Amino acid sequence: MKRYSPKDIEAKWQKKWQASGIYKAVEDSNKPKRYVLEYFPYPSGSAMHVGHVRNYTIGDVIARFYRMRGYSVLHPMGWDAFGLPAENYAIKNNISPKQAILENTTKFKQQLIQMGFSYDWGREINSSDPKYYKWTQWFFKLLFERGLAYQKESLQWWCDTDKTVLANEQVENGKCWRCGNEVTKKALKQWFFKITDYADRLAEDLDKLDWSEGIKAMQRNWIGKSVGTEVDFTVEGSKNKITVFTTRVDTIFSAAFMVLAPENPLVSELTTPDNQKAVLNYIKESESKSDIARMEEDREKTGVFTGSYAINPANGQKIPVWIADFVLAGYGTGAVFGDIHDERDFEFAKKFNIPVKPTVLPENPQESKKVQAKEYAFTGEGILVDSGEFTGMRSSEAREKITVWLANKGTGREKVNYKIRDWLISRQRYWGAPIPIIHCSEHGAVAVPDDQLPVELPEVESYQPTGEGTSVLAGVTEWVNTRCPTCGKPAKRETDTMDGFACSSWYFLRFADPHNDKEAFDKDKVKFWLPVDDYIGGAEHAVMHLLYARMWTMVMHDAGLLDFDEPFSALRNQGMILAPDGRKMSKSWDNVIAPDDIISQGYGADSVRIMELFIGPWNQSAVWSIEGMGGTFRFLQRVWTLSQEFLENNKAKELNDAVQAKELYTLIHKAIHKVSKDLNNLGFNTAIAYLMETVNGLYKLKIDGFKDTKAWNFTLNRLLQIMAPFAPHITEELWLQLGHEGSIHISKWPVHDEKYLINDQLTLAVQVNGKVRAEITVSKDGSKEDIQKLALAQKNVKKYLVNKKPTKVIYVPGRLISIVV
RNA sequence: GGGCGAGUGGUGGAAUGGUUUACACAAAAGACUUAAAAUCUUUCCCGUUUAUAGCGGUUGUGGGUUCGAAUCCCACCUCGCCCACCA
C-alpha cells in the first residue's frame with residue numbers, strides 16, 4: 001500500500017489545475033456570483049510567513065466552497081507593487097525597483113502556488129505596470145476634474161529617513177509607519193485628495209456594511225464627526241473676532257478665557273506690545289518641540305497671555321485671550337473658550353490662576369455642592385444656572401436654544417466638524433505612479449490629456465531620494481520639460497509621485513476586467529462581479545486603505561461609473577498568527593515561520609492549510625504550534641490510509657450489510673450537514689473538528705471490515721468532497737483513485753439527506769433541581785408522559801424524591817428532562 | 001482617558017439558556033516490532049474513595065435573574081489590540 005506523501009502529489013496537481021483552468025472566473029449569468037478577495041500583497045523582500053498564509057487560506061476555502069456550490073467565483077490575485085519598501089529594497093541591493101518587484105513577486109507567486117490556492121492567474125495584475133497605472137492616473141484626473149484633487153502649501157509630516165511627506169494616517173504616535181523614525185513638520189506644497197468632502201457619507205454609510213464592529217468603530221473614530229456650535233467673540237478695541245467651535249454651547253455663560261493655538265494667524269494681531277516677547281518665545285518653543293513631546297501624556301499645561309480681551313457674546317463679559325499648544329491649529333477654528341466644564345480648561349485655569357465658575361450643575365445635590373465648590377471639572381450634563389434666560393434648562397435643551405439665540409444675533413451657527421483631514425497623496429519618491437499634471441506659467445496645473453497617458457516613469461541612474469522636498473524625477477530634465485497641453489508653450493511636469501494607496505484604491509475593480517486597454521474597466525463586467533462579497537484581511541488597514549477605497553468608490557459612483565457606492569459588502573478580519581514565543585512574527589525577533597519550511601519537512605500544503613484554520617477561530621489571534629502540525633498531518637494520513645484499504649478490499653466482489661450501511665450513511669450525512677452549515681458561518685475550526693470526528697467514526701466501523709461496498713464508496717466520496725476546500729491536493733488525488741474523471745473541485749457540493757440526521761434512540765439527561773442524576777434512552781417519538789414516567793422510575797432519581805412530589809417537570813426534546821421538587 | 005476584543009483542563013480550543021471540556025496537542029499505558037520510528041487501541045479537570053458507582057466542587061472575582069447560566073443582567077479584576085489634549 002502506498003503511503004501518504006504530499007510531495008508526490010501536491011506539485012503534480014498544482015500544475016494540472018493551472019493547465020486545465022478549472023479556477024478561471026467566468027461571467028455566467030445563469031449562476032449566482034461570488035467575489036472573494038484577499039488584500040493584494042505588497043511584495044517585499046521577506047517572503048510570506050504562516051500569518052500571511054492564513055489570510056489566503058480563509059479566502060481560498062470560501063472560494064472553493066462557493067465554486068462547488070455552483071457559483072461563478074472570482075478569486076483573483078495581484079501585486080501592490082509601488083511604494084517605499086520595494087524602492088528601499090532596490091536601493092539596498094543596488095538593483096532597479098522594477099527588478100526588485102520582479103524578484104519578489106516571483107517568490108510570492110511560487111509561495112501561493114505551492115499552497116494550492118485557487119486563483120485565476122489569468123487576471124494577475126501589478127500596480128507598477130504602466131498598463132495598470134495608466135488608469136490610476138486616469139482616476140487622479142477624474143478627482144482633479146471634479147475638484148477633489150488640489151495643491152496646497154502647508155506644514156506637513158515629513159520623514160527624514162524616507163525623505164518624503166506622509167499622510168496623517170501614516171503617522172503613528174509621531175512616528176513613520178514604515179521606518180518607525182520620528183517625523184517632523186516641513187512646509188511644502190503638496191497634492192491632496194478632498195476626502196473631507198466625503199467625511200459625512202463615509203461615517204454614515206458604515207451602518208449598512210457587514211463589517212466587524214471594531215473596524216467600523218475605528219473608522220468612525222478617525223472621521224470623528226462632531227456636531228456643535230460656532231461662536232464669534234469680538235475682541236475689545238479691535239475689529240478682529242475670534243471664532244470658536246464647541247460641542248457644549250450650553251456652558252457658554254461660564255466662558256472665563258479664550259485660548260488660541262500658537263499657529264493661529266490671529267495671534268500676531270492680538271498680541272499687545274507688552275506681551276510680544278513672551279508670545280514670540282512661546283511660539284518658537286512650541287515649534288521646536290517635537291510632536292512626540294507635545295503629545296506626551298499628562299504633560300503640564302503651558303501657555304502665555306496675549307494682552308487682549310474678548311467679549312463673550314452671551315453675557316458681554318470681558319475675558320483674557322491666551323495662547324497654548326494644547327489647542328490644535330488644524331481642528332475646528334484653532335481656538336476655544338475655556339471654562340470649568342472641561343478638564344483641560346480647568347487644569348489650565350488652575351495653573352494660571354484664571355477665575356472660573358460653573359454655570360451647569362449636576363442634579364444630584366451632593367455633587368452639585370462639590371461642583372459649586374470647584375472641587376472638580378464637571379463635564380457632564382445638568383441644569384443651567386447664571387445663564388440669563390436659559391437658567392433652569394437642561395443641557396440638551398439649552399444647547400439647541402442657545403444656538404438659535406446666537407444665530408439670531410448673528411454671532412453663532414450650528415456646525416459639524418470632523419477630525420479627518422484631507423488625504424495627502426504626493427510623495428517625493430521615485431517608485432510610484434507619476435502625478436499626471438503639467439505646470440504652465442500661464443495656465444497653472446493642467447491635467448495631461450488622456451491620449452498622453454500613461455505618464456511613464458523615466459529610467460534614472462539613482463533612486464536615492466534627494467531629501468530636498470522633490471523626487472529624483474525633478475533631476476530628469478528632458479522628462480520634466482514638456483509643453484502645456486492648453487497653450488503649447490514650454491511647461492514642466494509635476495515631479496511628485498502618488499502614494500501607493502492610490503493604486504490600491506481601485507484594484508478590486510480592475511480584477512473584473514484586468515486586460516482592458518480602452519478603459520479602466522468594462523461597466524458590465526464590474527456590474528457582474530462587484531461589490532466584493534468577502535474581503536479578507538487584517539485590521540491594519542482600517543483607517544487607510546479601507547477608508548481610501550471607500551472614498552474612491554463613492555467618487556466613481558457620483559461620476560456615473562458605478563451603480564454601487566460601497567466596494568466591500570462584507571469584511572472579514574482574520575486574527576493574527578503569533579510566533580511560538582507569543583510575539584509577532586518579525587525578522588528582528590528571528591521567529592518567522594515560513595510555510596516553505598513546513599512543507600519541505602514533509603507535512604505538505606494541505607496540512608498547513610488545515611493547521612491555519614484548526615488552530616482556533618479564524619478571526620482571533622493564535623500562537624503557531626509546531627507540535628500541532630503532527631495532528632493535522634495524521635488526520636490527512638488517516639483519510640489516505642482508509643481510502644487505500646477500501647480500494648484494496650473493493651477489488652473483491654460486492655458486499656452488502658444493511659446495518660453497517662445505515663451507520664455509514666448516518667455518519668456521512670451528519671458530516672455533510674455540519675460542514676456545510678459551518679462553512680456558511682465561517683466556522684472553519686469546528687468544521688475540521690467534525691471531519692476528524694467523522695473519520696474517527698469510520699475507523700471504528702472499519703474494525704468490522706468493509707462490509708457494505710456501496711455505502712463505503714458513497715461515504716468516502718462525500719467525505720472527500722466536503723474536505724476538498726480545506727485539503728485540495730489529497731482529495732483530488734483520492735477522487736481520481738476512486739475512479740472519477742473530472743476534478744473534485746468543480747464537482748457538485750453534496751446535500752445531506754434529512755432522514756439520516758434523526759436518531760431513533762435519544763439519550764436524555766435527567767435533572768433533579770438542576771443537577772444531572774441519571775441518563776435515560778428513549779425512542780425519538782416517545783411522549784412526554786412516557787419519558788417522565790421513565791425518568792421518575794430511575795433509581796438515582798427516586799432517591800431524591802423520597803417523601804416529595806415533583807412540582808414541575810420541564811422536557812426539552814432531544815436534550816433533557818428536568819424535575820423540580 | 002475613550003473604543004473594540006478576550007478570560008473555560010497541562011496547552012490550543014468546543015459549547016451563545018439545557019449533561020462543561022467536542023476536536024487536537026502534550027503526557028501515560030498497552031498491542032505490533034529483535035528494537036526504535038510509524039501505526040492501532042486505551043487513559044487523561046479537582047476533591048472524597050483501595051477502586052468503581054455515587055457524592056461534592058469547577059468556565060477571571062463577587063452578586064442577580066432562571067427549574068437550569070460559560071452563555072443574560074449589575075459591579076469589579078486581569079490581558080491584548082486600536083485611538084487619544086479633536087474643545
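Please read all numbers here as calculations on a predicted model, not as lab measurements. Here is the naming used below: chain letters follow the sequence lines, and residue numbers restart at 1 for every chain.
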Visitor: Please tabulate the protein-to-nucleotide N/O contacts below 3.5 Å involving nucleotides 35-38 of chain B, giving atom names and distances.
Guide:
from	atom 1	to	atom 2	distance (Å)
B/A38	O2'	A/R3	NH2	3.1

Visitor: For atom C1', what is the distance between B/U11 and B/C44, given to the nearest Å?
Guide: 13 Å
Visitor: Provide the distance between the two P atoms, one in B/U34 and one in B/A15, to the nearest whole Å.
Guide: 46 Å
Visitor: Does A/Y690 put a side-chain nitrogen or oxygen below 4.0 Å from OP1 or OP2 of B/C23?
Guide: no
Visitor: Does the structure show a Watson-Crick or G-U wobble partner for B/G47, both distances under 3.5 Å? Name it, or say none.
Guide: B/C55
Visitor: Let me know, please, whether A/G214 or A/A539 comes out on the 5' side of the other along RNA chain B by nearest nucleotide.
Guide: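 Nearest-nucleotide comparison on RNA chain B picks A/G214.
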Visitor: Over all strands shown, is A/K301 touching base, sugar-phosphate only, or nothing at heavy-atom distances under 4.0 angstrom?
Guide: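 Here A/K301 touches the bases of the nucleic acid.
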Visitor: Return the orientation label for the A/H545 and A/H541 ring planes: parallel under 30°, perpendicular over 60°, tilted otherwise.
Guide: perpendicular
Visitor: Watson-Crick or G-U wobble partner for B/C76, using a 3.5 Å limit on both distances?
Guide: B/G60
Visitor: With ring centroids as reference points, do A/W712 and A/F706 lie under 6.0 angstrom apart?
Guide: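 So the answer is yes for these two rings.
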Visitor: What's A/N696 touching, base or sugar-phosphate or nothing? Going by heavy atoms closer than 4.0 Å.
Guide: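 Here A/N696 touches the backbone only, sparing every base.
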Visitor: When you measure from the centre of the six-membered ring of A/F326, is the NZ or CZ of A/K301 under 6.0 Å away and within 45° of the axis?
Guide: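 The answer is yes; both the distance and angle limits are met.
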Visitor: RNA chain B: A/V820 or A/T632, which has the more 5' nearest nucleotide?
Guide: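 Checking each residue's closest nucleotide, the 5'-ward one belongs to A/T632.
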Visitor: Other residues, nucleotides and ligands only: do more than 12 of their heavy atoms fall within 6.0 Å of CD on A/Q794?
Guide: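 Count over threshold, so yes.
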Visitor: Please state the P separation for the pair B/A22 and B/G13 - nearest whole angstrom.
Guide: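 That atom pair is separated by 15 Å.
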Visitor: With respect to the phosphate group of B/C4, does any side-chain polar atom (N or O) of A/R220 fall under 4.0 Å of OP1 or OP2?
Guide: no
Visitor: Report the base-pairing partner of B/A87 (Watson-Crick or G-U wobble, both distances below 3.5 angstrom), or none.
Guide: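 Pairing partner, where one exists within any strand: none, as none qualifies.
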Visitor: Checking base pairs now: Watson-Crick or wobble, both atom distances under 3.5 Å. What partners B/A26?
Guide: none
Visitor: Would you indicate which nucleotide in B/C85, B/A84, B/U42 comes nearest to any side-chain atom of A/F326?
Guide: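 Nearest listed nucleotide: B/C85.
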Visitor: What N/O pairs connect the protein and nucleotides 15-18 of chain B at under 3.5 Å? Give each pair on its own line.
Guide:
from	atom 1	to	atom 2	distance (Å)
B/G18	N2	A/Q767	OE1	3.2

Visitor: Tell me the partner of B/A14, counting only Watson-Crick (N1-N3 plus N6-O4 or O6-N4) or G-U wobble (N1-O2 and O6-N3) with both under 3.5 Å; none if nothing fits.
Guide: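 Looking at the geometry, B/A14 pairs with no nucleotide.
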Visitor: With side-chain hydrogen bond (donor to acceptor under 3.5 Å, both in side chains) as the test, would you mind laying out the steps for A/S226 and A/N417 before giving the verdict?
Guide: CA-CA 5 Å; A/S226 90; A/N417 262 326; 5.9 Å; no
Visitor: Could you label the plane-to-plane angle of the A/Y603 and A/F633 rings as parallel, tilted or perpendicular, counting under 30° as parallel and over 60° as perpendicular?
Guide: perpendicular
Visitor: Specify the glycosidic conformation (syn or anti) of B/G62, with syn defined as within 90° of 0.
Guide: anti
Visitor: Counting side-chain heavy atoms from CB outward, which of B/C23, B/U42, B/C82 is closest to A/K700?
Guide: B/U42
Visitor: Measuring only between side-chain heavy atoms, which start at C-beta, is A/C176 closer than 4.5 Å to A/Q170?
Guide: no
Visitor: Using the rule ring pair (Phe, Tyr, Trp, His ring centres under 6.0 Å), only one of A/F337, A/F257, A/F348 pairs with A/W322; which is it?
Guide: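 Exactly one option meets the ring pair (Phe, Tyr, Trp, His ring centres under 6.0 Å) with A/W322, and it is A/F348.
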Visitor: Within the 4.0 Å heavy-atom criterion, would you say A/G224 contacts the bases, only the backbone, or no part of the nucleic acid?
Guide: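 Since no nucleic acid heavy atom lies under 4.0 Å of A/G224, the category is nothing.
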Visitor: When all nucleic acid strands are considered with a 4.0 Å heavy-atom cut-off, which category describes A/A622: base, sugar-phosphate, or nothing?
Guide: nothing
Visitor: Which part of the nucleic acid, if any, lies within reach of A/S226 when heavy atoms closer than 4.0 Å are counted: base, sugar-phosphate only, or nothing?
Guide: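 The answer is sugar-phosphate, as A/S226 gets under 4.0 Å only of primed atoms, P, OP1 or OP2.
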Visitor: Cation-pi check, A/R572 to A/Y535: give yes when NZ or CZ is under 6.0 Å from the six-membered ring centre and within 45° of the ring axis, no otherwise.
Guide: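 Relative to the ring axis of A/Y535, which defines the angle, A/R572 lies outside at least one limit.
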Visitor: Looking for any heavy atom pair under 4.0 Å, which part of the strands does A/N685 touch: base, sugar-phosphate only, or nothing?
Guide: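 Sugar-phosphate contact only - A/N685 comes under 4.0 Å of backbone atoms but never of a base.
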Visitor: Given the C1' atoms of B/U19 and B/C45, what is the spacing between them in whole Å?
Guide: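 Comparing C1' positions in B/U19 and B/C45 gives a spacing of 16 Å.
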Visitor: B/U39 pairs with which nucleotide, Watson-Crick or G-U wobble, both distances below 3.5 Å?
Guide: B/A31
Visitor: Under 4.0 angstrom, heavy atoms only, what part of the nucleic acid is A/R773 near: base, sugar-phosphate, or nothing?
Guide: sugar-phosphate
Visitor: Between A/F245 and A/Y331, how do the two ring planes meet: parallel, tilted or perpendicular, split at 30° and 60°?
Guide: perpendicular
Visitor: In terms of side-chain heavy atoms of A/E627, which of B/C25, B/G12, B/C23 is nearest?
Guide: B/C25
